[in-house]
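Report on the following structure.
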Amino acid sequence: MATDNDVQDATVLRAAMVRELRDQGAIQSGHVEAAFASVPRHLFTPGEPLKVAYAPHNAPIVKTDDNGMNVSVVSAAHLQATMLEAAEIEPGMRVCEYGSGGYNAALMAELVGDSGRVTTVDIDPDIVERARTCLDEAGYHHVKVVVADAEEGVPDAAPFDRIIVTAGSWDIPPAWIDQLADNGRIVVPLRLKGTTRWVAFDRDSSGLVGRSYGLCVFVPFQGAGSHTERTVTIVDGVVLRLDDEDLKVEVDALRRALHLPRIERWSGAVFDMPDEQALFLLTNDPNMALLHASQEAVDQELLARPALKGVPILISGDSFAYRAARPNDDMGSGFESGVYAHGPSAEDLADRYVELLHQWADKYHRRGAASIRYIPKPTDPPALSAGVLPKRHGTVIVTWP
């Protein structure tokens with residue numbers, strides 16, 4: 001049972017979290033600030049210390065599978081605030097959430113007010129039961145909690161003014177668009193070339209047009225909408241993640257290249273906003289993929305440290321190149337971008353990579369420079385190119401105006 005001190009401590013920590021989210025720019029509006037100030041986050045993270053519950057960047061784990069992989073978490077408050085600001089939820093709206101934890105649904109209930117309606121959905125009965133219990137304890141009895149596969153949506157509660165997705169989605173099911181109001185908006189963490197960006201999409205005559213986006217990490221969808229990403233192992237601890245099933249990877253040739261001396265090429269261009277730069281690189285050459293290396297592979301000097309967290313790699317037959325950075329006080333960020341390349345064609349690949357680095361630095365060195373659209377399965381699909389990403393139900397098109 002909570003003591004008076006527990007309640008007081010939670011109130012103080014919640015206020016501190018809200019201040020920090022506001023100072024960091026995640027909270028930008030008064031109504032989102034009021035929602036975060038009102039909802040007792042600790043009631044949705046039972047068993048966690050209060051300081052963990054109210055740490056803005058913590059994502060407490062709710063459930064893991066038999067392999068120890070996270071299948072449900074309470075998303076970090078910083079990310080939730082960012083996505084709710086992008087959603088622009090207003091009083092009276094009908095809102096649906098796919099991927100339930102309870103806390104985000106409570107925030108949305110505050111935003112829609114007494115005249116609005118919130119439905120939160122999850123495929124896992126355990127998660128739904130937990131969300132229902134937490135919402136009831138926090139006083140949000142009017143939030144509807146549904147067990148369902150998100151792929152089919154919730155037709156009985158549609159149409160929705162807003163759909164907020166809180167699990168990593170490889171595609172956008174037709175049901176989501178069908179159940180969206182004409183002037184509705186979807187905010188969805190969408191898998192793009194091995195990375196995830198939340199994208200705020202508005203509905204238009206051709207499908208969905210992106211208004212804003214940002215880097216994020218979410219547990220993947222389960223059910224009919226799940227997708228197994230293509231991975232290619234070069235050697236133990238060195239893995240390629242590919243969105244393009246047609247991209248040819250000559251594993252033996254790349255393995256040989258990996259053991260050849262690398263060349264370095266420095267661009268004289270700024271290294272900054274690596275997530276934005278990575279999106280540009282991945283969507284501006286059809287032979288780009290994502291390279292991941294283990295700490296052991298880096299310790300053995302097979303690859304450099306940039307590959308530890310995933311880095312765009314340009315592949316051509318028996319050679320490859322990937323992004324690097326080094327300190328340079330002449331750059332505004334203090335770092336200069338460059339390339340490490342291996343293999344017989346290393347020089348040519350390094351030249352191509354440096355050209356892309358210059359393009360980004362000269363034209364797109366800012367947040368939100370990309371234009372992202374989603375076109376449901378068209379009768380005449382767009383011609384394949386680096387920024388055209390075919391999905392199961394449609395096509396994502398990333399352009400750089």
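Panel note: side chain H141, backbone L135; no donor-acceptor pair is recorded below 3.5 Å. The backbone N or O of P401 lies less than 3.5 Å from no partner atom in the side chain of T399, so there is not a single donor-acceptor pair. Of the possible polar contacts, none joining the S169 side chain to the P189 backbone as a donor-acceptor pair under 3.5 Å is found. Although no hydrogens or angles enter the test, the distance criterion places no donor-acceptor pair under 3.5 Å between the side chain of K193 and the main chain of R241. Within the 3.5 Å criterion, the main-chain N or O of P173 finds no donor-acceptor partner in the side chain of D171. No donor-acceptor pair closer than 3.5 Å links the side chain of R203 to the backbone N or O of L208. In this structure a side-chain-to-backbone donor-acceptor pair under 3.5 Å is missing from D122 to V128. Without hydrogens or angle criteria, R94 side chain to A157 main chain gives no donor-acceptor distance under 3.5 Å. Of the possible donor and acceptor atoms, none in the side chain of R185 sits under 3.5 Å from a partner among the backbone N and O of I89. No donor-acceptor distance shorter than 3.5 angstrom exists from the side chain of N104 to the backbone of T166, with no hydrogens or angles considered.
Using a 4.5 Å heavy-atom threshold, the side chains of L356 and M288 count as touching. Contact annotation: the side chain of L240 never approaches that of T233 to less than 4.5 Å [non-hydrogen atoms, C-beta and beyond]. Within the 4.5 Å cutoff, the side chain of L282 has heavy atoms near those of the T195 side chain. Counting heavy atoms from C-beta on, the side chains of V112 and V118 come closer than 4.5 Å. In this structure, the side chains of F280 and P312 stay at 4.5 Å or more apart for every pair of heavy atoms. Under the 4.5 Å side-chain criterion, counting only non-hydrogen atoms from C-beta, C96 is in contact with V154. The side-chain heavy atoms of I234 and V239, taken from C-beta on, include no pair separated by under 4.5 Å. Considering only heavy atoms from C-beta on, E97 comes within 4.5 Å of M108 through its side chain.
Distance check, rounded to the nearest 0.5 Å: OG of S337 to CH2 of W360 gives 8.0 Å. Atom CG of L290 sits about 9.0 Å away from atom CD1 of I313, to the nearest 0.5 Å. The structure places CZ of R265 at 4.5 Å from CD of E347, a figure rounded to the nearest 0.5 Å. The distance from the CG atom of D351 to the OG atom of S345 is 11.5 Å, given to the nearest 0.5 Å. Distance check, rounded to the nearest 0.5 Å: CG of L180 to CZ of R162 gives 8.5 Å. Atom CG of residue L242 and atom CD of residue E229 lie 8.0 Å apart, to the nearest 0.5 angstrom.
Salt-bridge formation is detected for the pair E264/R262: a Lys NZ or Arg NE/NH1/NH2 atom is positioned less than 4.0 Å from an Asp or Glu carboxylate oxygen. Remark: R130 does not engage D124 in a salt bridge, criterion side-chain N to carboxylate O under 4.0 Å.
Centroid-to-centroid, the aromatic rings of Y98 and W176 come within less than 6.0 Å.
There is no side-chain donor-acceptor pair under 3.5 Å between Y213 and R197. A donor-acceptor contact under 3.5 angstrom links the side chains of H393 and E151, judged on distance only. Q28 and R22 share no side-chain donor-acceptor pair at under 3.5 Å. In this structure, a donor-acceptor pair under 3.5 Å is present between the side chains of E110 and Y140. With hydrogens and angles left out, the side-chain atoms of R191 and T196 include a donor and acceptor closer than 3.5 Å. Between E85 and H31, the side chains place no donor N or O within less than 3.5 Å of an acceptor N or O (distance only, hydrogens not considered).
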Worked verdict on R256 versus D318 for salt bridge (charged side-chain N to carboxylate O under 4.0 Å, His left out): CA-CA 8 Å; R256 289 192 295 271; D318 57 3; over 6 Å; no
Full working for salt bridge (charged side-chain N to carboxylate O under 4.0 Å, His left out) between R132 and E129: CA-CA 5 Å; R132 179 74 276 164; E129 181 180 358; over 6 Å; no
Salt bridge (charged side-chain N to carboxylate O under 4.0 Å, His left out) between D204 and R373, intermediate numbers included: CA-CA 10 Å; D204 72 358; R373 296 187 63 88; 2.8 Å; yes
Step-by-step salt bridge (charged side-chain N to carboxylate O under 4.0 Å, His left out) determination, R117 to D161: CA-CA 10 Å; R117 187 177 69 214; D161 300 296; over 6 Å; no
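Both tests hold for R41 against Y103: distance to the six-membered ring centre under 6.0 Å, angle to the ring axis within 45°.
Taking the six-membered ring where the residue is Trp, Y322 and F320 present parallel rings, their angle staying beneath 30° rather than reaching 60°. Ring geometry for W170 against H227 counts as parallel: the plane angle stays under 30°, on a 0 to 90° scale with 60° as the upper cut.
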